[in-house]
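For clarity, every value in this text was computed on a predicted model and none was experimentally measured.
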Amino acid sequence: MDHLSHPEYAIFTSGLSKRFGSRNAVDGIDLRVPRGSIFGFLGPNGSGKTTTIRMLLGLANISAGQVSLLGHSVPEQIEGVLPKVGALVEGPAAYPYLSGRDNLMRLDASDRSADPKSRDTRVDVALARVGLTQAQDKKVNAYSLGMKQRLGIANALLQPRELLILDEPTNGLDPQGTREVRNLVRQLASEGITIFISSHLLAEIEQICTHLAIMSQGKIVAQGTVEELSATEIFSLSLVTSDGALAIATLKALGIEATQDGKIISAAIPSDLMKPEELSKLLVEAGVGIQAFTLSAPTLEERFVQLTGEGFQVA
Amino acid sequence: MTGSLTFSEISILFRRRRTWAMLATISLIPIALATAVDLSSSTIPPGEGPPFLDRVSQNGFFVSFTAMIVATPLFLPLTMSVVAGDTIAGEASIGILRYLLIAPVNRGRLLLVKFAGALAFALAATFTLLISGLIIGAILFPVGSVTLLSGDAISLPAAIFRLLIVAVYVTISLLGLSAVGLFISTLTVIPVGAMAATVVISTVMQILDNLPQVAVIHPYLLSHYWLGFSDLLRNPMSLGSFGSNVIVQLCYIAIFGALSYGRFTTKDILS
């Protein structure tokens with residue numbers, strides 16, 4: 001066993017795996033979540049995100065590999081570190097017959113490190129932070145999904161935390177609520193809290209994350225800062241012309257395979273091949289009449305789909 | 001602090017309508033029993049109906065005692081199974097279990113707290129039965145010094161003291177079953193399944209206890225001493241069954257407590 005802790009990372013895993021029977025739900029992942037980052041953990045449904053989170057929090061046993069959470073090894077030192085970690089795992093949960101406030105009181109009473117004297121105040125603050133002060137005395141079975149989600153986030157904020165793990169935090173929220181969560185995450189991050197946020201919707205978290213990992217079928221297929229992941233070697237060319245055959249031949253002479261769809265010619269161009277203006281000049285010199293010429297980097301979303309595959313099949 | 005969580009556990013248990021519905025039903029057992037005796041004009045011949053039923057009309061004290069005998073085989077184990085079967089599976093089924101564990105609550109500690117909750121319910125159930133019986137007995141029937149099974153008479157306060165020991169006896173009887181229910185509750189996320197399985201175990205134990213062919217295992221059955229509390233109404237008080245019952249219940253608590261611990265501390269919490 002490697003007992004190195006990795007205090008510079010909020011979450012550090014090596015070869016982390018989870019087997020269910022013969023299937024690897026999580027297959028040897030190496031997560032590197034730097035302290036202070038807003039880390040987006042992306043992947044389609046069933047890619048192993050929640051299972052990973054369960055292992056990080058000591059809820060599920062680790063089949064292979066190691067986890068270091070805020071420099072503590074998991075599961076051996078999990079109880080010492082969990083008070084510094086707030087989490088929302090696979091949706092919120094609450095006692096339906098208790099009020100929102102009493103639910104938080106109950107969960108806070110469960111944490112031995114939580115000071116009972118400040119419990120009332122801390123619960124008040126957490127409720128206010130997610131906008132549930134008005135609804136705190138309503139029974140949770142009268143809450144909407146969005147209110148339950150807010151309650152779940154309030155629970156994650158009961159104590160001063162160093163790390164927040166938020167699994168699909170905007171699930172069930174309306175656009176207004178989604179924006180509030182995003183603002184809350186930004187605000188918490190500005191207080192120095194590391195935020196690990198999982199989602200299957202890139203668009204929801206793209207704008208707030210500093211780092212991303214993309215998971216597909218139990219493996220991490222890409223990880224790094226948002227800039228690193230946006231940098232690309234391949235541009236896509238889209239050319240509108242009535243001299244289709246000539247354009248394809250010209251591109252072919254440059255070693256580029258192009259496809260034609262009516263007047264639109266598409267091709268993938270390696271970024272180090274030549275500058276856009278040089279390419280357009282070459283085409284014009286070859287006698288191709290250009291009506292429109294676009295050379296674009298793929299969006300992060302296109303990269304996401306490239307890496308994880310499209311469609312509704314879930315592993 | 002464990003105190004905080006135990007307090008929270010017990011307060012949640014007694015804020016559930018289900019708990020109050022069960023306690024209310026338990027309190028109706030002696031009331032129904034006493035009312036039936038009061039309304040029937042014919043005197044009950046000794047030996048018919050539940051033991052001591054014939055004494056109820058002579059002394060209201062016996063309402064509680066007879067109600068204990070009536071409720072011990074079926075109704076008390078049934079309500080106990082509901083509470084014990086719900087302990088872990090109930091938390092798992094609504095998903096709150098994962099939030100308790102990451103709060104964090106040590107898993108062994110959570111089992112202890114849950115067992116403490118079950119103990120609190122067992123106490124509440126038997127004492128509800130006892131108090132309800134004493135009240136309705138005093139209302140409907142004459143109450144005075146009590147003639148024991150051995151023929152001696154003792155004063156009412158002394159008799160009530162013995163009744164308290166009976167209630168403790170019945171509470172202890174329910175604890176082995178609680179441990180069994182706690183264990184089954186760690187195996188599933190469907191509380192109703194755990195409750196039903198616990199009831200089944202309590203029933204099977206009692207059936208086996210009535211089969212002379214398996215007499216050899218009778219002393220080891222969870223329910224073998226459940227009705228042994230009649231010995232407490234003798235003079236001098238015979239504590240033989242009390243001791244045997246305590247030992248049997250402690251064995252079940254130890255075995256099923258260990259099984260619960262072994263299972264729950266290594267389990268993947270996926271609900």
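Of the atoms belonging to Ser271(B), it is backbone heavy atoms, and not side-chain ones, that fall under 4.5 Å from chain A. Interface residue Arg106(A): backbone and side-chain heavy atoms are both found under 4.5 Å from chain B. Neither the backbone nor the side chain of Gln159(A) has a heavy atom closer than 4.5 Å to any heavy atom of chain B. At a 4.5 Å heavy-atom cutoff, the contact between Asn155(A) and chain B is made by side-chain atoms alone. With a 4.5 Å cut-off on non-hydrogen atoms, Glu91(B) touches chain A through its side chain but not through its backbone.
With chain A as the partner, the residue from Leu100(B), Leu270(B), Val105(B), Leu110(B) showing the most heavy-atom pairs under 4.5 Å is Leu270(B). Here Asp102(A) is the residue among Ile78(A), Asp102(A), Val85(A) with the most heavy-atom pairs under 4.5 Å with chain B. For chain B, the option among Leu57(A), Thr51(A), Leu59(A) with the highest count of heavy-atom pairs below 4.5 Å is Leu59(A). Of the listed residues (Gly58(A), Ala60(A), Pro75(A), Gly86(A)), the greatest number of heavy-atom pairs within a distance under 4.5 Å of chain B belongs to Ala60(A).
With hydrogens and angles disregarded, no donor-acceptor distance shorter than 3.5 Å links the side chain of Arg107(B) to the backbone of Thr266(B). Side-chain atoms of Arg98(B) come within 3.5 Å of backbone atoms of Glu90(A) as a donor-acceptor pair (strictly under, hydrogens ignored). Proximity of a side-chain donor or acceptor of Arg15(B) to a complementary backbone N or O of Ile10(B) within less than 3.5 Å is not detected. Tyr99(B) places a side-chain N or O within 3.5 Å of a backbone atom of Val89(A) that can act as its donor or acceptor partner. Ser17(A) places no side-chain N or O within donor-acceptor distance of the main-chain N or O of Asp27(A), the cut-off being under 3.5 Å. With hydrogens and angles ignored, the 3.5 Å screen pairs no side-chain donor or acceptor of Ser37(A) with any backbone N or O of Val33(A).
Asn171(A) and Gln149(A) share no donor-acceptor pair across their side chains, judged by distance under 3.5 Å alone.
Scanning both residues, Met215(A) and Ile29(A), for their nearest heavy atoms gives CE-CG2, 4.0 Å.
Remark: Arg32(A) is positioned above the aromatic ring of Phe12(A), its terminal NZ or CZ atom under 6.0 angstrom from the ring centre and at most 45 degrees off the axis.
Residues of residues 91-101 of chain A lying under 4.5 angstrom from chain B, judged on non-hydrogen atoms, are Gly91(A), Pro92(A), Ala93(A), Ala94(A), Tyr95(A), Pro96(A), Tyr97(A), Leu98(A) by number.
For Leu123(B), the side chain to side chain contact (heavy atoms under 4.5 Å, CB included) partners are Phe127(B), Thr171(B), not counting sequence neighbours.
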